[in-house]
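It should be emphasised that the depicted structure is a prediction, and the values quoted were computed from it without experimental measurement. Indexing begins at 1, ligand by ligand and atom by atom, following the structure's order.
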Amino acid sequence: MIKLKKILCPVDFSACSTHALSYATDLSIKNKASLYLIHVVETHVNDVRDMLKQIDLLLDDKQIDELRVQLTSLIPDNIQKSITIETIIVKGIPYVEIIKTARDKQMDLIVMGTHGRTGLEHILIGSVAQRVIQKAPCPVFSIRLPEQIFSMP
Ligand code: AMP
């Protein structure tokens, strides 16, 4: 039987990622798995020539603590007491940091949204989700918002 001990949920605070978090939380409860919430503070932006440009971003301890609190507060208080939750705040390129964390911490499953903050609902799947699905060292459960489900012709 497959046993899930560690579940990683990448959260960018979009509606889709918080919807995915409810699945991750439920799976953690049912499997008695530890839930790891990761938020990546982006340090790379596309410049006008569509190249990746690194931006120097300073993140102090206070900001990191605030982000940890924001992440944890997405989970109802009564559930927080029943599972082990860890928050991970890192700077970098989201898909790189998500995959690196999954590998380093030997995650059993990643639960994430199909879409994020970019609001490109018309595309089938966002670029962070796409890259994580392609390169993750463990299975990826991708969750779509109910209003993003469209019928096939
Ligand atoms: P995207 O591919 O950008 O549309 O986002 C798809 C999903 O990737 C989101 O629903 C989140 O689960 C995750 N994600 C995107 N950006 C970040 C980020 N900066 N930190 C953590 N998770 C992220």
*Asks:* Using side-chain heavy atoms (C-beta onward) and a distance below 4.5 Å, is Pro139 in contact with Ile110?
*Replies:* no

*Asks:* When you look for heavy atoms under 4.0 Å from ligand 1, do you find them on the side chain of Val11, its backbone, both, or neither?
*Replies:* backbone

*Asks:* In a check of side chain to side chain contact (heavy atoms under 4.5 Å, CB included) between Asn31 and each of Asp108, Leu109, Leu4, which one passes?
*Replies:* Leu4

*Asks:* Heavy-atom distances under 4.0 Å decide this one: backbone, side chain, both or neither, for Ser127 against ligand 1?
*Replies:* backbone

*Asks:* Looking only at distance, does Val128 have an N or O less than 3.5 Å from an N or O of ligand 1?
*Replies:* yes

*Asks:* Looking at Lys30 and Asp26, does any basic side-chain N land under 4.0 Å from a carboxylate oxygen?
*Replies:* yes

*Asks:* I want to check something: taking the side chain as every heavy atom from C-beta on, are Leu8 and Ile38 in contact at a cut-off of under 4.5 Å?
*Replies:* yes

*Asks:* Considering only heavy atoms from C-beta outward, does the side chain of Lys105 approach that of Ile88 to under 4.5 Å?
*Replies:* yes

*Asks:* Would Arg117 count as being in polar contact with ligand 1, using the rule that some N or O on each side must be under 3.5 angstrom apart?
*Replies:* no

*Asks:* Does ligand 1 come near enough to Met112 that some N or O of the ligand is less than 3.5 Å from an N or O of the residue?
*Replies:* no

*Asks:* Just let me know how Ile38 lines up against ligand 1, side chain, backbone, both or neither, with a heavy-atom cut-off below 4.0 Å.
*Replies:* backbone

*Asks:* Measure from atom 20 (N) of ligand 1 to every heavy atom in Leu21, Val40, Val111 and give the option owning the shortest one.
*Replies:* Val40

*Asks:* For ligand 1, find out whether one of its N or O atoms is nearer than 3.5 Å to an N or O atom of Cys16.
*Replies:* no

*Asks:* Report yes if some heavy atom in the side chain of Leu71 is under 4.5 Å from a heavy atom in the side chain of Phe13; otherwise report no.
*Replies:* yes

*Asks:* Heavy-atom contacts with Pro10 under 4.0 Å: which atoms of ligand 1 show up? List them by number with element.
*Replies:* 11 (C), 12 (O), 21 (C), 22 (N)

*Asks:* Within the structure provided, determine whether Leu35 and Lys6 are in side-chain contact (heavy-atom separation under 4.5 Å).
*Replies:* no

*Asks:* Do any nitrogen or oxygen atoms of Pro94 lie less than 3.5 angstrom from nitrogen or oxygen atoms of ligand 1?
*Replies:* no

*Asks:* So Pro146 and His19, do their side chains get closer than 4.5 Å, heavy atoms only?
*Replies:* yes

*Asks:* Could you name the option among Gly92, Ser17, Ala24, Gly113 that has the heavy atom nearest to atom 6 (C) of ligand 1?
*Replies:* Gly113

*Asks:* Closer than 4.0 Å to some heavy atom of Gly126 - which atoms of ligand 1 meet that?
*Replies:* 1 (P), 2 (O), 4 (O)

